[in-house]
Trainee: 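Here it is: the structure, laid out below.
To find a chain, count down the sequence lines: A is the first, B the second, and so on, and within it residues start at 1.
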Number of protein chains: 2
Amino acid sequence: MQKPPTIRDVAAAADVSIAVVSRVLNDGTGPVAPATRERVLKTIEELAYRPRTAARELKSGPTSSLGLVLADVTNPFFARLADSVVQEARARGSQVILMTTQEDPALEQDALETLAARRVGGVIATPTSTNADAWLRLEALGTRLVFVDRHLLGVPHADVVSIDNERSAREATEHLLGLGHRRIGFISGPLSTSTGRSRTDAHVAALTAHGIPVDRQLLRNIPFRGDQGSDAVGSLLELESPPTALIVANTAQVAAAVRRLRQGSVRIPQDLSLIVFDDNPWTELFTPALTIIRQPTALLAAHSVERALLRLSDDAETRSTVIDAEFVVRSSTAQPPAR
Amino acid sequence: MQKPPTIRDVAAAADVSIAVVSRVLNDGTGPVAPATRERVLKTIEELAYRPRTAARELKSGPTSSLGLVLADVTNPFFARLADSVVQEARARGSQVILMTTQEDPALEQDALETLAARRVGGVIATPTSTNADAWLRLEALGTRLVFVDRHLLGVPHADVVSIDNERSAREATEHLLGLGHRRIGFISGPLSTSTGRSRTDAHVAALTAHGIPVDRQLLRNIPFRGDQGSDAVGSLLELESPPTALIVANTAQVAAAVRRLRQGSVRIPQDLSLIVFDDNPWTELFTPALTIIRQPTALLAAHSVERALLRLSDDAETRSTVIDAEFVVRSSTAQPPAR
DNA sequence: TTGTACGCGTTATCAG
DNA sequence: CTGATAACGCGTACAA
C-alpha cells in the first residue's frame, strides 16, 4: 500500500549509490564489484523494487513498445494477427499496445494521437482511411510505420506487409473458371481500400484473361463493418441471371454472407460454389467444408514486428513484403449446375 | 526527423513560460488570459507539439492505462472481450495494453512484471495459475485487479466479473435431462480453474438433484490449450455405454470437439445432443445450428473496465459481479435415441 | 504569470 | 577499477 520503492531507496538500503544500482540493473554500463552486485540484487529482491518504465522512457526517447492499430479484433483474422503480433513482440522484448479502430477514421486518428504521445517505437496498422496528417506526424516523430494486410497510398515511408492479394483472387477465380463457372459473384471490401481494390482488379483481370465478359452487377464492394454482406448476397441471388459461384473476399463479411446463403436455402455447392477469404476453424466444420484462402497470420505478424522494430539506422529502405496465402480446396466448390 | 518539440520550445515560441503552456494543456489548473491561450494554442498547432505521456506519468504516478492479460486472443470469446474492453476503455479515456498468456504461468508472470513496471492503473485478467506473488506485488503497487471470466483464490483484493457459471451449467444440464437424457458427457476446463470447477460442480449437482447417478467417466476436465478436446470426445464415444448428450463447457475446446464429432460421423442431434459454451457466429451456421451458452462479452467488459478504473479512494470494497449468460436453444439438442 | 522544485532512472564526470 | 555526484529529460504544480 505504501509508495513503491525507488532506486534511491534501494541504494540506501544496500548502502551504495544509485549509480551502482543502475549499473547492476542494466549490467554492462560499468563495472561493479561482484560482492556489491550481490548485495544490491538481494536488496532489490527484498524491496520488490521495479524500475518505472515511465522514467526510463523519459530519458531514452522512443521506446521499444509497439502500437498495434487494428480495424476489428472481433474478426478472427485480425484476432489471430493480434495474437501472433503479441507473441512475436514478446519474443523480442517489446510490449504491444492494442487499439481498435472499428473502421472509423476518427477513432483511428485518435489512436494515432495516443501512440504519438507515447512515443512508441513503431506502429503496425491496418489503416482505415487516409488520415494522412496523423500518419505523417507519427513518421515525423521517428516512429516506424508498418501497414499490414492493407496499405495506404501517400505515406511514403511506411513498410507494407501483406499477402499476395492479386494472386489469391486470381487463384480463386481461375479455380472456378476451371470448374466451368462463367458467372461469378465477387464480394470484396471498398475500392478505397487496397485489399478491396487489388482483389477486385485481379478478379476482373482473370476473367478478362479468360475471355469472360465482366458483369459489373456481380461485383460488390461493401464496407467491412455493418451487415451489408447479407444484402449483397441477397441481391446477387435475385439477379435475373444469378451467379453460379461466389467469392467472398471481404474477410469481415464472410459470416454474414454465409448466413444469408443459409437463409436462402441455397445448396452449396450444387446451386452455388463458394470460396471465402477466411482463416477460421469453423469454415472446415461448416457443411459443406468451405474452400478458403488462408492467410498466414503468423508470418504476417513476424514480418510486421520485425520491420516495426528495426531501428531507423538499420535499414531506412521502405520495403514491401508479400507473402503467399494458401488456397485450400475443400467441398464448397463444384461444377456449376447443369442448365 | 529532428527532435520533437518540448513544452519549453512551445513556451519560447509563444513567448510565455512553460507553466502557462502547461495550464493551457490541462485547462482548469489555473487562469490564463484568453489572448495568451489563443497564442499558445496556435503555437502548439504550428509546432505539432504533443506532450509526452512518459513525462506525465512520471509525475502523476499510476496511470489510467489498463493492462489486459488474456489467456488466448485466438479464442473468439476472448477476442470479443478484448474488443469490448478496448472500446469501453477508450470511451473512458484509457488505453489498453494487451498481453497474451497462452495459459502459460511463465508468460503470465512476465506480463505482470511488465505491467508492474509500467505502473498501470489497473489490470484486467483471465488468470492462469496462482502466480500469487506476482499478483500480490501488483496489488502492493496500488494496481486495481479485476479478474474476468475466471478468478483465483488467494488474491483477496481482486474484483471478479464473470457469468453465473453454476447457473449456466445447471441450465444446460437440466435442459438435457428434461429431454430425457440420462448419460451426459461433460467437457470442461481443468479443476484448478474456477470455471472448470464451478461448471463441473454445478453439472454434478444438477444431476444429483434429479436423482441421476454421476458417472465420473463422463466428466472430462481438460486443458484449454492443446488438442485434447478431440481425444476427450473420442474416448467418450468409445465408452461401452456412450453418452447420448454432450456439453462442452470448455470454450477453447469447442471447435476441436465439434471437429471430432464430425469425423466420427455422429449425427447431431439424432445420435447425440450437443450444447456448447461459445459466443461465435459460426455456431449458428453449423448444421445443425448449435444450442449454446452465450456469454455477454460487452457487459463483462463494461463492468471489468469500470471496476479497474475506479480510484482506490472511490470504493475499496472488493466486489464480485455476476452476470447472467444467455442460454440459446437451437437445433443440436433433442430427445435421446430410442433404445 | 512566472520561476522552480519535483518525480525517477540514466549516464557522463569525477574522486578515491 | 570501484563508487559517488550531478545533470538531464519533460511535464506538473506550488510558491513567489
Side-chain angles (χ1 to χ4, degrees), chain A residues 2-41 43-44 47-65 114 116-120 141-142, chain B residues 2-41 43-44 47-65 113-114 116-121 141-142:
Chain A
Q2 46 273 40
K3 58 269 7 149
T6 74
I7 196 173
R8 303 184 210 266
D9 295 327
V10 176
D15 200 36
V16 293
S17 75
I18 59 173
V20 176
V21 179
S22 180
R23 283 194 213 150
V24 171
L25 250 29
N26 355 328
D27 51 17
T29 318
V32 180
T36 313
R37 143 172 277 111
E38 242 2 275
R39 187 152 38 92
V40 172
L41 247 20
T43 311
I44 289 178
L47 299 186
Y49 165 71
R50 297 287 175 262
R52 288 182 56 166
T53 306
R56 287 185 153 162
E57 286 185 354
L58 184 53
K59 181 100 235 185
S60 35
T63 354
S64 73
S65 17
T114 300
R118 284 225 174 246
R119 303 288 196 276
V120 292
L141 250 36
Chain B
Q2 47 272 39
K3 57 265 14 145
T6 74
I7 196 174
R8 296 174 219 272
D9 294 327
V10 176
D15 200 36
V16 292
S17 75
I18 59 172
V20 176
V21 180
S22 179
R23 279 197 222 145
V24 172
L25 251 29
N26 354 329
D27 50 18
T29 318
V32 180
T36 313
R37 141 171 278 111
E38 242 2 275
R39 186 152 38 90
V40 172
L41 247 20
T43 311
I44 289 178
L47 299 185
Y49 164 71
R50 296 287 175 266
R52 288 181 57 166
T53 306
R56 286 186 153 162
E57 286 185 352
L58 184 53
K59 183 97 226 169
S60 34
T63 355
S64 72
S65 15
E113 212 60 68
T114 301
R118 284 225 174 247
R119 304 287 197 275
V120 293
L141 251 36

Trainee: If you check every side-chain atom of B:Ser22, which of D:dG3, D:dT12, C:dG9 has the closest atom?
Mentor: D:dT12

Trainee: Side chain of A:Arg52: nearest nucleotide among C:dC8, D:dT12, C:dT1?
Mentor: C:dC8

Trainee: Could you grab the distance from atom CG of A:Leu58 to atom OG1 of A:Thr53, nearest 0.5 Å is fine?
Mentor: 12.0 Å

Trainee: Compare side-chain N and O positions of A:Ser60 against OP1 and OP2 of D:dG9 and report whether any pair is under 4.0 Å apart.
Mentor: no

Trainee: Please tell me which of A:Thr6 and B:Lys59 maps to the more 5' nucleotide of DNA chain C, matching each residue to the nucleotide holding its nearest heavy atom.
Mentor: B:Lys59

Trainee: Can you tell me how far the CD1 atom of B:Ile44 sits from the CZ atom of B:Arg37, to the nearest 0.5 Å?
Mentor: 9.5 Å

Trainee: Any Lys/Arg nitrogen of B:Arg118 or B:Glu113 sitting under 4.0 Å from an Asp/Glu carboxylate oxygen of the other?
Mentor: no

Trainee: Hey, is the side chain of B:Arg23 pairing donor to acceptor with the base of C:dT2 inside 3.5 Å?
Mentor: yes

Trainee: Of all the nucleotides listed (D:dA6, D:dG11, D:dT2), which has the minimum atom distance to the side chain of B:Ala55?
Mentor: D:dG11

Trainee: Within the structure shown, what part of the strands sits under 4.0 Å from B:Ala33 by heavy-atom distance: base, sugar-phosphate, or nothing?
Mentor: sugar-phosphate

Trainee: Need the bend value for the helix from C:dT1-D:dA16 to C:dG16-D:dC1: angle between end axes, 5 pairs each end, nearest 10°.
Mentor: 60°

Trainee: Mind calculating the distance between CD1 (A:Ile7) and C1' (C:dT10) to the nearest angstrom?
Mentor: 8 Å

Trainee: Atom CG of A:Asp15 and atom C1' of D:dT2: how far apart are they, to the nearest Å?
Mentor: 14 Å

Trainee: Quick one: is C:dC8 close enough that its OP1 or OP2 comes under 4.0 Å of any side-chain N or O from A:Tyr49?
Mentor: no

Trainee: Tell whether B:Arg8 reaches the base of D:dG11 with its side chain through a donor-acceptor pair below 3.5 angstrom.
Mentor: yes

Trainee: Drop me the distance from A:Leu25's CG to A:Tyr49's OH, to the nearest 0.5 angstrom.
Mentor: 5.5 Å

Trainee: Under 4.5 Å between any side-chain heavy atoms of B:Thr114 and A:Arg50, yes or no?
Mentor: no

Trainee: Ignoring the backbone of A:Ser17, work out which of D:dG3, C:dT2, D:dG9 is nearest its side chain.
Mentor: D:dG3

Trainee: Has A:Asn26 got a side-chain N or O lying under 4.0 Å from the OP1 or OP2 atom of C:dT11?
Mentor: yes

Trainee: Pick the closest DNA chain D nucleotide for A:Ile18 and for A:Pro31 by heavy atoms, then say which residue is nearer the 5' end.
Mentor: A:Pro31

Trainee: Report the distance from atom CD of A:Glu57 to atom CZ of B:Arg52, rounding to the nearest 0.5 Å.
Mentor: 7.5 Å

Trainee: Contact class for B:Val21 (heavy atom, under 4.0 Å): base, sugar-phosphate, or nothing?
Mentor: nothing

Trainee: Base, sugar-phosphate or nothing for A:Ala19? Non-hydrogen atoms, less than 4.0 Å.
Mentor: base

Trainee: Please state whether the phosphate of C:dG9, meaning OP1 or OP2, lies under 4.0 angstrom from any side-chain nitrogen or oxygen of A:Arg56.
Mentor: no

Trainee: Does some side-chain heavy atom of B:Pro4 sit less than 4.5 Å from a side-chain heavy atom of A:Arg119?
Mentor: yes

Trainee: Rounded to the Å, how far apart are B:Asp9 CG and D:dG11 C1'?
Mentor: 13 Å

